[in-house]
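Each chain gets a letter, A, B and so on, in the order its sequence line appears, and its residues count up from 1.
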Amino acid sequence: MNNEYLYELIEKAKRNDKGSIGKLLTILESSPPEAFKLLDIVLRETKSKAHVIGFTGIPGSGKSTLISKLLSFYKKENCKIAVIAIDPTSPLSRGAFLGDRIRMQEHSLAPNVFIRSVSTRGLKGGLSFAGVAMIEVFDYLGYDKVFIETVGIGQAETDIMNSAHTIIVVTMPGIGDEIQALKAGVMEIGDIYVLNKSDKEESQKTFEYLNFVIESNELVGRLGWRPKLLKTSALMNYGIEDVMNAIEEHLQYIIEHRYFDSKAYLRRKLLVKLFIEKLLIDKLELEFERLNIEETPGLRNQLNVLREKIASSLKELELYI
Amino acid sequence: MEVIYTGVRQTPEQVVETAIQEDVDVIGVSILSGAHITLMKRLMENLRAKGVHDIPVFLGGTIPLPDISEIEGMGIDRVFLPGTSLQEIVKYVYDAALNKRKKKHE
């Protein structure tokens, strides 16, 4: 790909040409040299403005449907919104079936909405990189909000959630045991907890339990923000406006506490690290595949073989400069 | 291979817009309603109007044999009829995607 073509894509993407945006995102997923050129431009010019909102929660809790309903509200506000929907992939079949879009297709023709599905496969540990880079590109292109949806398991998804200003944990009734896990594990991160499917019978019990956990300060919000607990039924279109108000309230809070800009700063710093990591890991994996441990028995010998390869991969970084 | 599934009852415009935002290699459409001529014509016109010429489109469903030549005349790459083996379709998609990527790099 020549530079002129890349610059042309960027210019068209700035004018919200969806095809060009789509192609830029593909570059981030699959082509490090072009991704480097693109991000070099992006990180030079942007003053970060986009509000990044992460949606996480167990499969089936209704994240996609909730996002779709929120899009309906935000569209009325003349807000430009990007959605990055990350789906986990079976490591066995090595294929991916990405179905998050099904719930959001009513917005597919909206000029101010862009939806992209991302699978964990094919990115070779580069999911963190692709996800965080996509946030930067949408920010650069003038999107006001970036929604990211993941099931929130694994390091890559934690990286991505850490890049969000506002984190929404979506849960549903009748999962008492899971709430224990939610307190202890990677999910202890929500700024807003949404009890979705609250039209279900057992919802009041789950709500009270969650409420107790929050009241007793077992779920500590970030930066003194008290986590909010809201009831919704995304399917019945109930409680959605409350979620939107809570998101905006949290945004005001983090702006007032000067947290908004520092988050963007940290995100960009993370991106630098992830990019270099990706380059080195890609190269290293290639060398590992070629390594024949029968020909060079002993860890010392194997390290010796790889040492030179690692040194040459560091040299390769110079190609980018 | 990654499949982005949009769910049923999509308009041709929705299919085209989704393909563009997801930057796909191949578009596959299933139609069982009998409206294949009208819908596929609209889909192909919309795709060309958006300046897309390099994404192969294939169709599967209950398509009467006499309609096939008209559909292929619209620029649709392949038509699969009921009873086609899954392997045959997968093989086609694989080759079509690879072919598209090769052209892109030329």
Side-chain angles (χ1 to χ4, degrees), chain A residues 1-2 5 8-9 12-13 16-31 34 64-65 68 81-90 93-123 134 138, chain B residues 1-31 39 42-57 60 86-106:
Chain A
M1 186 185 291
N2 58 36
Y5 178 65
E8 193 192 319
L9 279 184
K12 279 156 92 182
N16 208 22
D17 176 64
K18 300 278 178 78
S20 301
I21 299 174
K23 289 193 168 72
L24 290 181
L25 301 181
T26 303
I27 287 173
L28 297 177
E29 285 181 321
S30 56
S31 178
E34 274 79 31
S64 304
T65 310
S68 182
I81 309 175
V83 180
I84 304 169
I86 299 170
D87 255 336
T89 320
S90 151
S93 70
R94 296 175 61 223
F97 182 84
L98 308 168
D100 286 334
R101 270 197 94 99
I102 303 172
R103 321 268 174 231
M104 307 179 199
Q105 275 303 82
E106 61 175 296
H107 305 292
S108 57
L109 296 175
N112 282 344
V113 175
F114 192 103
I115 304 169
R116 178 68 169 228
S117 314
V118 178
S119 86
T120 49
R121 191 199 86 86
L123 298 171
M134 281 181 187
F138 281 121
Chain B
M1 220 183 270
E2 292 168 14
V3 179
I4 293 153
Y5 181 57
T6 64
V8 294
R9 285 188 283 277
Q10 298 287 301
T11 65
E13 290 76 16
Q14 281 178 307
V15 174
V16 169
E17 191 56 38
T18 301
I20 285 173
Q21 294 188 14
E22 300 283 359
D23 192 23
V24 300
D25 294 303
V26 184
I27 297 174
V29 182
S30 163
I31 300 179
L39 290 176
R42 237 171 82 191
L43 190 148
M44 295 309 284
E45 281 169 5
N46 202 266
L47 203 59
R48 302 298 179 239
K50 297 263 180 180
V52 178
H53 299 277
D54 60 340
I55 306 177
V57 180
L86 208 53
Q87 279 98 326
E88 191 185 335
I89 300 169
V90 171
K91 170 102 175 59
Y92 159 78
V93 173
Y94 188 83
D95 292 341
L98 221 59
N99 211 3
K100 185 220 168 202
R101 290 204 175 184
K102 261 188 214 149
K103 275 189 197 157
K104 190 175 152 189
H105 287 290
E106 269 164 18

task = Could you look at A:Ile21 and say if it's the side chain, the backbone, both or neither that has a heavy atom under 4.5 Å from chain B?
result = neither

Contact class of A:Val83 relative to chain B, heavy atoms under 4.5 angstrom = neither

inquiry  = Test your reading of the model: is there a side-chain donor-acceptor pair from B:Glu2 to the backbone of A:Leu98, 3.5 Å cut-off?
reply    = no

ask   = Within the side chain of B:Gln21, is there an N or O that forms a donor-acceptor pair under 3.5 Å with the backbone of A:Ile115?
value = yes

note = All heavy atoms of A:Ser108 vs all of B:Thr18, minimum pair found to be CB-OG1, 4.2 Å

inquiry  = Show the nearest heavy-atom pair for residues B:Ile4 and A:Ser117, with the distance to one decimal.
reply    = CG2-OG, 4.0 Å

query = Between B:Thr11, B:Val24, B:Val16, B:Thr6, which has the largest tally of heavy atom pairs under 4.5 Å with chain A?
reply = B:Thr6

key: Partner of B:Glu22 under salt bridge (charged side-chain N to carboxylate O under 4.0 Å, His left out), chosen from A:Lys23, A:Arg101, A:Lys18   = A:Arg101

inquiry  = Could you check whether B:Gln10 and A:Gln105, counting side-chain N and O atoms only, form a donor-acceptor pair closer than 3.5 Å?
reply    = yes

query = How about A:Arg103: does its CZ atom have over 12 heavy atoms from other parts shown lying under 6.0 Å from it?
reply = no

